[in-house]
J.: 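One structure, pasted below without further comment.
The chains referred to below are lettered A, B, ... by the order of the sequence lines, with proteins before strands, and numbering in each begins at 1.
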Amino acid sequence: MTQPTYNKTELLICLAARQMQDDTSAFIGTGVPMLAAALAKRMHAPNLVTFFEFGGVAPDLAVLPHGVGGSRTYHRGLAALGILDVMETAARGLIEYGFLGGAQIDPYGNLNSTVLGDQARPKVRFPGSGGASDIGTYCWKTIAIMPHDPRKFIPKVDFVTTAGYLDGPGARERAGLPRGTGPYRVVTNLALLGYDETTRRMKLLAVNPGVTVEQVVASTGFELLQASPVGENAPPTEQELRLLREEIDPTRLYI
Amino acid sequence: MTQPTYNKTELLICLAARQMQDDTSAFIGTGVPMLAAALAKRMHAPNLVTFFEFGGVAPDLAVLPHGVGGSRTYHRGLAALGILDVMETAARGLIEYGFLGGAQIDPYGNLNSTVLGDQARPKVRFPGSGGASDIGTYCWKTIAIMPHDPRKFIPKVDFVTTAGYLDGPGARERAGLPRGTGPYRVVTNLALLGYDETTRRMKLLAVNPGVTVEQVVASTGFELLQASPVGENAPPTEQELRLLREEIDPTRLYI
Amino acid sequence: MSEQLQRGIRELLLQPDPDGVREWMREHKTMQLVDKRTTEAEAVRRLIQPGDYLATELYGSVRAPMSLVREIIRQGIGGLRIAGQGVMETELLIAAGLVASIDLTYQGWEVHGISPVLRRAAEGGRVEISEWSNASLAWRLKAAAMGVPFLPTRSTLGTDTFKYSAAKEITCPFTGMKLVALPATAVDVGLIHVQRADCYGNCQIDGISGFALELARAAKKLIVSVEEIIDNEEVRKYPERTLIPWFLVDALVVAPFGSHPGEMNGYYWRDEEALKDYLKQIQTEEGTREYLQRTVHDIPDHAAYLEQVGRARQEALIEARTRR
Amino acid sequence: MSEQLQRGIRELLLQPDPDGVREWMREHKTMQLVDKRTTEAEAVRRLIQPGDYLATELYGSVRAPMSLVREIIRQGIGGLRIAGQGVMETELLIAAGLVASIDLTYQGWEVHGISPVLRRAAEGGRVEISEWSNASLAWRLKAAAMGVPFLPTRSTLGTDTFKYSAAKEITCPFTGMKLVALPATAVDVGLIHVQRADCYGNCQIDGISGFALELARAAKKLIVSVEEIIDNEEVRKYPERTLIPWFLVDALVVAPFGSHPGEMNGYYWRDEEALKDYLKQIQTEEGTREYLQRTVHDIPDHAAYLEQVGRARQEALIEARTRR
């Protein structure tokens, strides 16, 4: 059996989908997280519940939403609430996973989606926190989806839009963030990464198909811990790809 | 033309109704305030809007509610909200009048609807604040409806359930209560009372038909200021009584 | 603002603990769509322990979870702390001697006057009472629903209602205004009666929402009783009508006439005759005992209660209901 | 908690003032049931002043009050402070150079990437920006809606988002927990687009409510645009569907396709073609000017805008709408 071909987005979706357990809930943004949730529900997590920022809960996702407030975030859903109801559901500890992205990430999983350079007169202005800082505060486990690039994986982000482990063990708790929360995974085009339980620093868990550990290290702008052994992520399966292409995103809005 | 006969409740309703201006709003409890609002709307204040504690707004009142949460508080109303939405509407300064009652009232309009005697082991236990303390905080003008009795109009209430002018001028503001709020009128079976703008003490404005100033003074357990001259309240008119008996409460639930 | 900040003299009946509640929620709540229908007996047995902190919704003789309250009495679960915004629902619990302490805002009968049951309990020193305003208790639930340990308000400033509460004065960091900090109440058990839900617990309410949304979100364990079950398809067709989503609900009890002798908007009117009978009986301790014996202890469940009410009276109440 | 409490370094764009807002509300809002229908031109002229603090709802290209935003640009009302939770609605105001400062949470295009308009304005130092999270801005509206000067949250603790805001850390008086105090924003003007209202402004929304309830209650002046007017009888039949009651609404603008090129649940789908055209044009300053010239300045009103869109395209978008 030949391995089916797939593109980078499809790989990210599959890797992200595999991180979510059944019978849990995920705070979902547009793009990869949405498709990952849809895929996870069809594969191993039929009872995964999706929450969308502006109030949508558990939609059918028959047509993919274009944004986190779109009508497809609650079409045939179980509830159509408001932004605060969803955020407060997370605040009460009821949402397990939260998806994040950003222009920069540091070894402690702090994320920057605000500016490069000075906030008052930035070199590059990004959209800002949006729900990211809320998600990073309240969801139990956050999963960052990032392109793997040494200019993005850097020792210190220009701006901490969303708190990761801040400056190390105990820092979240000292800052007043909810007990037991924090970065969980980073899914990139090269690898799957996690965090060391003691040092709270980023750790390479598994490389993507055809990628070497050296490539990942070279693409990371800070010293990367490594699991022993470093695993290898299985490529998207035929079933995953078929679901993605035929059922989840047949019009190729995202993939 | 002979003066029509009326009972005490009918008189209280008419006096209370006459205190409310058109194009305003009133926070309404069951009993006299509800009938007063219904009467005011049919007489001089067609645009008076009624708010009920648990969310009812501007119902038709075709059937009188039995309680502040009943279905008749929003039947054919303009909105059916929740308790906090109504309370916060008052908190934002949008509700003009609030009706209150109690077992005791003092010269500054402080009201007791909690206990006689010690709170921990009371001589008599009353229902407690309910919405009274909220109404007394947020409505611009509160109107108390009370039986006139020297044991109820006393120098110092056993328990300040609801803040009147507390201990005098400036006390509400010092306590942090909203600027410009406070007791406005007291409607009793004997008289209509207000408050002196300087001393914030209760003041006799007008006696009820057939009642003398002396009777009111004798029925008040503290020194009562008097308007000069003290007016005389007109008795319920035939029109008021007809509306009350034929349209507002034809089954005599309250009157 | 050099003035001394005041604090209420009562002890908290429930300590705010957002992180503890988060961990509890994560461990005990499920996102699974499972049929949560059960009986009053089973729901109460499984979810309510002696000493729990309870709150009921709505209020008075309106949309009140009476069949659940009667079952608590039947099982004799005592030492309860309650948020006492109530008429008959909480009064029955006090009457049965099951209540140790009350975060009280109102216990009475509105136009029908004060509560003889509360009078006997309070004047006899048999319950510990903290005083709150009605909105304050709802904001305390809201605080828990928001996952914060307190919410600020201006309500009750300057009163003895504040003094005999467990609230504290604070100063606004922006304006210097004096405010009351209301401690969050993530109650152990919430009891709510609604018109409709699907079998998973997605609940719809006709008319005012009272404080159902706040209580449902503040409760660690939530028992909902419903007049009728609707298909999940109906929920999915009108997702904005889901005021209480399924994952908040731990048990769902189908209880037609569940608010009896109170009313239920769109379903039945209040049973004036039964209420008058009740109000007469509770004037004395003996009458109260008789009432509880007859309407709770002598009958096994809500079905038997409805038989006692009788079909003819039920039909009359349905006929007299408030309609759109 | 001996640790030093932090505070954000940005100045407040709007000072919380509950008593001032109360007095403003009492003087300016009316409880009267008057027909509030008017045009975009009249509503904007009467209710929006240069320098006002504005907020729009919903978000993105969804249920957004686009016809009102275009009218503000047409009238060139500048120096605005805005609560920047937006995609096209707020981006257009920034593009037109009307925005002086932003309480920003998100200005971008989600899957379509970052905002070239915000980039040029921010990188060129033409707008002052404070940073907030999405929920924080909604809670700030909620604080104003509750009549309190602040609300506590745990969100943004430890971040630069907090550091570049105007929030302050406080300590919980019950638990000692560190919290962020979010200052209330009783905005000068709120702009909301909804599906339906009666002529008095009793508004119904299909689907998620976003932060419409909070904004409507936080706004000193509220302009609502609607897809269609319904009879007051419909409102009275389903009073629980009134999410924004009439007395909050100062002007009501009937604007079919008012969210175009965005979508409107139950009414029309998003106009992908128009959005792509827009996204292409705003890549450059010149393109942006051209776009504004063509879709705003060259045409007198929303009716003319809809003619520009064309009937055929409108029908296709209606056909593609999300249905129950």
J.: Tell me which of these, A:Gly164, A:Gly55, A:Gly130, has more heavy-atom pairs under 4.5 Å with chain D than the rest.
T.: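 Counting heavy-atom pairs under 4.5 Å, the top option is A:Gly130.
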
J.: Nearest 0.5 Å please: distance from the CZ atom of D:Arg324 over to the OG atom of A:Ser71.
T.: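 That separation rounds to 11.0 Å.
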
J.: Less than 4.5 Å to any heavy atom of chain D: does that hold for the side chain of A:Thr162, its backbone, both, or neither?
T.: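 Interface part for A:Thr162: backbone (N, CA, C, O).
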
J.: Less than 4.5 Å to any heavy atom of chain D: does that hold for the side chain of A:Phe126, its backbone, both, or neither?
T.: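 Looking at A:Phe126, backbone and side chain both touch chain D.
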
J.: Given the options A:Thr161, A:Asn112, A:Ile83, A:Ile135, which has more heavy-atom pairs under 4.5 Å with chain D than any of the others?
T.: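 Ranked by heavy-atom pairs under 4.5 Å with chain D, first place is A:Ile83.
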
J.: Is D:Glu128 in contact with chain A via its backbone, its side chain, both, or neither, using a 4.5 Å heavy-atom distance?
T.: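 No part of it gets close to chain A.
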
J.: Which bit of A:Ala120 comes within less than 4.5 Å of chain D, counting heavy atoms only: side chain, backbone, both or neither?
T.: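 A:Ala120 touches chain D through backbone and side-chain heavy atoms alike.
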
J.: Taking A:Ser129, A:Gly67, A:Gly128, A:Gly101 one by one, which has the highest count of heavy-atom pairs under 4.5 Å against chain D?
T.: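 Heavy-atom pairs under 4.5 Å are most numerous for A:Ser129.
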
J.: Supply the atom-to-atom distance A:Glu88 CD to D:Trp139 CH2, rounded to the nearest 0.5 angstrom.
T.: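 Going from the CD atom of A:Glu88 to the CH2 atom of D:Trp139 covers 6.0 Å.
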
J.: In terms of heavy-atom proximity below 4.5 Å to chain D, should A:Phe52 be classed as side chain, backbone, both, or neither?
T.: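 Neither part, no heavy atoms under 4.5 Å.
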
J.: Counting neighbours of CZ on D:Arg7 that are heavy atoms of other residues, nucleotides or ligands and sit closer than 6.0 Å, is the number greater than 12?
T.: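 No, because the 6.0 Å sphere around CZ of D:Arg7 holds 12 heavy atoms or fewer from other groups.
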
J.: Over all heavy atoms of both residues, which pair between D:Gly158 and A:Ala175 is shortest? Give the atoms and the distance, please.
T.: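 Shortest heavy-atom separation between D:Gly158 and A:Ala175 comes out as CA-CB, 4.0 Å.
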
J.: Could you grab the distance from atom CG of D:Leu104 to atom CD of A:Gln119, nearest 0.5 Å is fine?
T.: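 Reported value, rounded in 0.5 Å steps: 9.0 Å.
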
J.: What is the minimum heavy-atom distance between D:Ile208 and A:Gly69, and which atoms define it?
T.: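 Residues D:Ile208 and A:Gly69, closest heavy atoms: CD1-O, 3.4 Å.
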
J.: Does A:Ala163 offer a backbone N or O that forms a donor-acceptor pair with the side chain of D:Thr159 under 3.5 Å?
T.: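 No; judged by distance alone, with no hydrogens or angles, the pair does not exist.
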
J.: Closest heavy-atom contact between A:Asp158 and D:Asp160?
T.: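 Taking A:Asp158 first and D:Asp160 second, the nearest heavy atoms are O-OD2, 4.4 Å.
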
J.: One pair to check against side chain to side chain contact (heavy atoms under 4.5 Å, CB included): A:Tyr138 and D:Ser155. What are the steps and the verdict?
T.: CA-CA 7 Å; A:Tyr138 292 122; D:Ser155 204; 3.9 Å; yes

J.: Check each atom of D:Thr153 against the heavy atoms of chain A and say whether the ones under 4.5 Å are side chain, backbone, both or neither.
T.: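 Answer is both: backbone and side chain atoms of D:Thr153 are under 4.5 Å from chain A.
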
J.: Given that the side chain runs from C-beta out, which part of D:Trp269 has a heavy atom under 4.5 Å from chain A: side chain, backbone, both or neither?
T.: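 The answer is the side chain of D:Trp269.
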
J.: With a 4.5 Å heavy-atom cut-off, do A:Phe159 and D:Glu131 have their side chains touching?
T.: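 Yes, their side chains come closer than 4.5 Å.
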
J.: Counting heavy-atom pairs under 4.5 Å to chain D, which of A:Gly70, A:Gly31, A:Gly29 comes out on top?
T.: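 The residue among A:Gly70, A:Gly31, A:Gly29 with the greatest pair count is A:Gly70.
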
J.: Is the closest side-chain heavy-atom distance between A:Pro122 and D:Glu123 below 4.5 Å?
T.: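 A:Pro122 reaches D:Glu123 side chain to side chain.
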
J.: With a 4.5 Å cut-off on heavy-atom pairs, point out which of D:Glu263, D:Arg63, D:His112 contacts chain A the most.
T.: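 When all of D:Glu263, D:Arg63, D:His112 are compared, D:Glu263 has the most.
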
J.: Atom NE2 in A:His75, atom CZ in D:Arg323: separation rounded to 0.5 Å?
T.: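 If we round to the nearest 0.5 Å, A:His75:NE2 and D:Arg323:CZ are 9.5 Å apart.
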
J.: Which heavy atom of A:Arg121 sits nearest a heavy atom of D:Ala122, and at what distance?
T.: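 Smallest heavy-atom distance, with atoms named: CD-O, 4.2 Å.
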
J.: So, A:His66 versus D:Glu272: side-chain donor-acceptor pair below 3.5 Å or not?
T.: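 Yes.
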
J.: Sort D:Tyr59 into side chain, backbone, both or neither according to what part of it lies under 4.5 angstrom from a heavy atom of chain A.
T.: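 Side chain of D:Tyr59 only, per the 4.5 Å heavy-atom cut-off to chain A.
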
J.: Is chain D contacted by the side chain of A:Val32, its backbone, both, or neither, given a heavy-atom distance below 4.5 Å?
T.: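 It is neither, since no heavy atom gets under 4.5 Å.
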
J.: With a 4.5 Å limit on heavy-atom distance, are the side chains of A:Leu177 and D:Arg154 in contact?
T.: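 No, their side chains stay 4.5 Å or more apart.
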
J.: Which region of D:Ile129, side chain (C-beta onward) or backbone (N, CA, C, O), has a non-hydrogen atom less than 4.5 Å from a non-hydrogen atom of chain A, or is it both or neither?
T.: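 Interface part for D:Ile129: both.
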
J.: Rounded to the nearest 0.5 Å, what separates atom NZ in D:Lys142 from atom CG in A:Leu84?
T.: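 With rounding to 0.5 Å, NZ (D:Lys142) is 7.5 Å from CG (A:Leu84).
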
J.: Among A:Val57, A:Asp134, A:Thr137, A:Asp118, which has the most heavy-atom pairs under 4.5 Å with chain D?
T.: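 Between A:Val57, A:Asp134, A:Thr137, A:Asp118, the count favours A:Asp134.
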
J.: I'd like to know which of A:Val68, A:Val157, A:Val63 tops the heavy-atom pair count under 4.5 Å against chain D.
T.: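 Top count of heavy-atom pairs under 4.5 Å with chain D: A:Val68.
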
J.: Do you know which of D:Gly266, D:Ser209, D:Gly108, D:Gly113 has the most heavy-atom pairs with chain A at a distance under 4.5 angstrom?
T.: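 Sorted descending by pairs with chain A, the first entry is D:Ser209.
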
